[in-house]
Student: 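Please find one structure pasted underneath; my questions will follow.
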Amino acid sequence: MDAAETVEPAESAESVEATEPGETREPEGTREPVEAGAVAARADVMPSADGPVLDGIPRQPGAAPVRKAVREAAAPVRVAGDESPQVTGRQPVTSLNRSGVLPAWLRPWRLSPTPTGTPFTFFYATVLVVTSAVAEYADPALVQALHRGSSTDVAHLVRDPVLVLSASALWVAGGIASPYVLGFLVVLTALERRIGGWRTAGVFLLGHALATLATEVPVGLAVLAGHLPASSLHRLDYGISFGVAASAGALAGLLPPWLRWPMLLGFGAMLVDDLMAFTDPMTNWGHLLSLAIGVATWPVVRRWYAGGGGRPGPPGPGRARARARLRPPRPPRNRRPPPARRAARGR
C-alpha cells in the first residue's frame, strides 16, 4: 500500500456520533485521508489524456506538471564552472540601445571617411590631399598654369564647360588649411552614410555646377552690356566650396530639428558675414546660392534616406524612427466591410 493510502485505526471522540438502534453506519476509520502533499501536487498537474484527474492521486499517466515546467523554463541557466551571481529582475539602463549598439551621437568616429563605409568621400579626399600637396610644393609657375587651366571663368565655360567644371573641383582654394576641408570631411561623410556615394556625388556636383553657372553667366552678360571690362571673362575661379555648401544644405534636411536649424543658421550667418565684408562678392553669392540649392533638395534626399539609399549600417531603433518620420504618409484605403456587416447595415 502506498504512503498516501494509509488508514488511521482510531477515531477521535468528536467524530463519533450516536446512532439509533437498527441503523448501520459506516465507520469513518475506513476512509482514506488526503495528505497535504497530494493537494499541492494536484495543482501542478494538467488533466490526463485518459480522463479527469482524481483527488488523492498525486501523479497519473499523461499528466504533466505545469507550474514546475514554467518555473524551470524561467530559471536562469547556470553553466558548469560558472560562479558568477545570477542576475534577476530589471537590468540597469546603459548607453546601448536595444540592438546593443552605441547611439550615433556617441560614435564620433563615424564622421571620418573610410574606404569601405564612405568610398566616395574617402577617395575624393585622397585626391584633394594630393592636389593640395602639389599646390604647396610644386613650382609656382606650374601651379599657376594648372589653376588657370582649371578655372571656371566665362571663357573656359564657353569652350569646355564639362572639363573645367570637373577640373575646378580638384583644387582647394586656400590650401589644405582651408575651413572648407574640415567641412568637406564631416558633411560629405555624414551625407554619404545616409544616402550613399553616388547620390552624394550627385548633390555635390549639382551644387558645384549650378552655383558656378549662376555666378558666371551674369558676369558674361555684364561684359556684353559694357558694365564690366573684358578682363572679367578670365577671372580665376576654382575650388570645392560650392559643392560643400550644397551638401551641407542637403544634410540639414536629414538631421533632427534640434540640430538642423542651428546648423543652417550658423553656416548661413558665416556666409552672410563674408558677403558683407565684400572681399569677393561673386564667390560669396555663390556660397549662399549653393546652400539654397542644397535646401531645395530636401524632398529628394529625404525620399532616398527613407528608402534606405545609404550603405547598410549597424541596426538601431533611432535610424528606423528617423526613416519613418521622413517617409511620406500613405493615403488611407477605403476597405469594404465584411459581408456580415453589409447585411446588418442593409436591414
Side-chain angles (χ1 to χ4, degrees), residues 124-184 187-188 201-249 267-268 270-294 296:
Y124 195 0
T126 303
V127 172
L128 293 178
V129 169
V130 173
T131 56
S132 299
V134 170
E136 182 70 22
Y137 299 106
D139 182 62
L142 175 62
V143 174
Q144 183 71 14
L146 291 175
H147 286 170
R148 285 292 179 185
S150 305
S151 176
T152 53
D153 50 42
V154 178
H156 284 96
L157 287 175
V158 172
R159 292 196 303 265
D160 300 310
V162 178
L163 177 62
V164 294
L165 283 173
S166 303
S168 64
L170 301 179
W171 303 93
V172 180
I176 201 68
S178 172
Y180 283 97
V181 174
L182 179 61
F184 172 88
V187 171
L188 266 73
V203 172
F204 182 91
L205 293 176
L206 178 69
H208 175 73
L210 291 183
T212 299
L213 294 176
T215 54
E216 294 296 336
V217 169
V219 172
L221 296 178
V223 171
L224 291 177
H227 298 292
L228 290 176
S231 60
S232 300
L233 299 177
H234 303 278
R235 59 183 298 270
L236 199 60
D237 185 15
Y238 63 90
I240 60 172
S241 57
F242 290 171
V244 173
S247 301
F267 189 46
M270 184 187 72
L271 298 181
V272 171
D273 184 68
D274 293 340
L275 180 61
M276 298 299 293
F278 211 74
T279 55
D280 190 358
M282 296 303 298
T283 302
N284 296 331
W285 275 114
H287 291 157
L288 288 173
L289 288 174
S290 58
L291 179 62
I293 291 171

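The structure displayed is predicted, hence computed values, not measured ones.
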Student: With sequence neighbours excluded, tell me which residues meet side chain to side chain donor-acceptor pair (under 3.5 Å) with Ser132.
Tutor: none

Student: Can you sort out the partners of Tyr124 under ring pair (Phe, Tyr, Trp, His ring centres under 6.0 Å), two or more places apart, ordered by chain and number?
Tutor: Phe120, Phe184, Phe204

Student: Within the side chain of Asp274, is there an N or O that forms a donor-acceptor pair under 3.5 Å with the backbone of Asn284?
Tutor: no

Student: Got a list of side-chain donor-acceptor pairs under 3.5 Å for residues 276-283, not counting sequence neighbours?
Tutor:
{"residue": "Asp280", "atom": "OD1", "partner": "Thr283", "partner atom": "OG1", "Å": "3.4"}
{"residue": "Asp280", "atom": "OD2", "partner": "Thr283", "partner atom": "OG1", "Å": "2.7"}

Student: When the aromatic ring centroids of Tyr180 and His287 are compared, is their separation below 6.0 Å?
Tutor: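 Tyr180 vs His287: aromatic centres under 6.0 Å.
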
Student: Under 3.5 Å, side-chain donor or acceptor atoms of residues 215-231 against the rest of the protein: list the pairs with distances, not counting sequence neighbours.
Tutor:
{"residue": "Thr215", "atom": "OG1", "partner": "Ala211", "partner atom": "O", "Å": "3.0"}
{"residue": "Thr215", "atom": "OG1", "partner": "Thr212", "partner atom": "O", "Å": "3.0"}
{"residue": "Glu216", "atom": "OE2", "partner": "Arg235", "partner atom": "NH1", "Å": "2.7"}

Student: Taking only residues two or more places apart in sequence or in another chain, which ones pass side chain to side chain donor-acceptor pair (under 3.5 Å) with Trp285?
Tutor: none

Student: Residues two or more places apart in sequence or in another chain: which of them pass side chain to side chain donor-acceptor pair (under 3.5 Å) with Thr131?
Tutor: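 So Thr131 forms no side chain to side chain donor-acceptor pair (under 3.5 Å) with any residue.
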
Student: So do Val127 and Leu170 actually touch side chain to side chain, heavy atoms under 4.5 Å?
Tutor: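 Leu170 reaches Val127 side chain to side chain.
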
Student: When rounded to the nearest 0.5 angstrom, what is the spacing between CD1 in Ile293 and CG in Leu206?
Tutor: 6.0 Å

Student: Counting only N and O atoms by type, is there a donor-acceptor contact under 3.5 Å from the side chain of His156 to the main-chain atoms of Ser150?
Tutor: no

Student: Calculate, to the nearest 0.5 Å, the distance between atoms CG and OG1 belonging to Leu213 and Thr152 respectively.
Tutor: 8.5 Å

